[in-house]
A.B. asks: 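Below: one structure in structure tokens.
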Amino acid sequence: AGTDFSSNWEVSDSNAYGSLGSAMTESSGIFTFPSTGYWYVVFNMLSNGGNSSAQYQIAKIVTTTDDSNYVIAAYSAYAVDTLNYFASCTVDTIIDVTSTSNVKVKFQYQSQSGGSNTVILCADAQQLTGATFIRLGDT
């Protein structure tokens, strides 16, 4: 089971950030799509080993088609070494959004092998851990 990223989401403050059309909305870590269609979703997670033994981190994209029951759409795992080394992982998927009321997405992380000291890294001015949404076309 994973842990939801349920708070502290924000739109990028980068001067290079741009959006076209309506933006995604987020509430308690659950993202709602602004329109139906095929959406490419990318999630990147950067973490630090926190001076603990080697461990594995799992980044997950989790979706629902009924606004209730969530399933893992995609995940990726990576190793975080000892002595505060950094590691990054990217996971992506295409989601067929047939209903903006029912099809939603959220993101999770999971630690394995003693990952209790791992720190998920975030920043205000750039995307260290975050998501990108691109509408590909009509469903």
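All figures in this text were calculated on a predicted structure; none of them were measured in a lab.
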A.B. asks: Using a 6.0 Å cut-off, check whether atom CZ of Phe5 has over 12 heavy atoms from anything other than its own residue.
C.D. replies: yes

A.B. asks: Which residue pairs pass the salt bridge (Lys or Arg N to Asp or Glu O under 4.0 Å) test when at least one of the two sits in residues 23-41, sequence neighbours left out?
C.D. replies: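 Non-adjacent pairs meeting salt bridge (Lys or Arg N to Asp or Glu O under 4.0 Å): zero.
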
A.B. asks: Using every non-hydrogen atom in the two residues, find where Ala59 and Met45 come nearest and quote the distance to one decimal.
C.D. replies: CB-CE, 4.0 Å

A.B. asks: Hydrophobic clustering (ILVMFWY, side-chain heavy atoms < 4.5 Å, transitive) - are Trp9 and Val42 grouped together?
C.D. replies: no

A.B. asks: Excluding sequence neighbours, so at least two apart, what forms side chain to side chain contact (heavy atoms under 4.5 Å, CB included) with Ser35?
C.D. replies: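 Listed in chain order: Trp39, Arg135.
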
A.B. asks: With sequence neighbours excluded, what pairs up with Thr65 under the side-chain hydrogen bond (donor to acceptor under 3.5 Å, both in side chains) test?
C.D. replies: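 Expected list: none.
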
A.B. asks: With sequence neighbours excluded, what pairs up with Asn8 under the side-chain hydrogen bond (donor to acceptor under 3.5 Å, both in side chains) test?
C.D. replies: none

A.B. asks: Around atom OH of Tyr75, are there more than 12 heavy atoms of other residues, nucleotides or ligands at under 6.0 Å?
C.D. replies: no

A.B. asks: I'd like to know if Ile61 and Ile58 are part of one continuous hydrophobic network [Ile/Leu/Val/Met/Phe/Trp/Tyr, side-chain heavy atoms within less than 4.5 Å].
C.D. replies: no

A.B. asks: So Phe43 and Phe107, would you call those rings parallel, tilted or perpendicular, with 30° and 60° as cut-offs?
C.D. replies: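 Ring orientation, 0 to 90° scale: parallel.
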
A.B. asks: Quick check on the hydrophobic clustering: are Tyr38 and Val103 connected, directly or via other members, by side-chain heavy-atom contacts under 4.5 Å?
C.D. replies: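 Hydrophobic grouping puts Tyr38 apart from Val103.
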
A.B. asks: Thr100 side chain to Pro34 main-chain N or O, any donor-acceptor pair under 3.5 Å?
C.D. replies: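 No, Thr100 side chain to Pro34 backbone: no donor-acceptor pair under 3.5 Å.
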
A.B. asks: With the side chain counted from C-beta on, respond yes when Ser88 and Asn44 share a heavy-atom pair under 4.5 Å apart, and no when they do not.
C.D. replies: yes

A.B. asks: Assigning hydrophobic clusters by single linkage (Ile, Leu, Val, Met, Phe, Trp, Tyr; side-chain heavy-atom cutoff under 4.5 Å), is Met24 placed with Tyr70?
C.D. replies: no

A.B. asks: Give every residue pair that meets the salt bridge (Lys or Arg N to Asp or Glu O under 4.0 Å) criterion with at least one member in residues 96-105, sequence neighbours excluded.
C.D. replies: Asp67-Lys104

A.B. asks: The criterion is side chain to side chain contact (heavy atoms under 4.5 Å, CB included); which residues satisfy it with Gln108, sequence neighbours excluded?
C.D. replies: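 Side chain to side chain contact (heavy atoms under 4.5 Å, CB included) list for Gln108, sorted by chain: Asp4, Lys60, Val62, Lys106.
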
A.B. asks: Of all the heavy-atom pairs spanning Ser99 and Thr36, show the shortest one and how long it is.
C.D. replies: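 Taking every non-hydrogen atom into account, N-CG2, 4.1 Å.
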
A.B. asks: Quick one: do Val105 and Phe33 satisfy side-chain contact (heavy atoms from CB on, under 4.5 Å)? Show the steps, please.
C.D. replies: CA-CA 9 Å; Val105 65; Phe33 294 90; 3.9 Å; yes

A.B. asks: Run through Ile95, Val97, Val41, Thr93 and flag the one making a side chain to side chain contact (heavy atoms under 4.5 Å, CB included) with Thr63.
C.D. replies: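 The option that passes is Ile95.
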
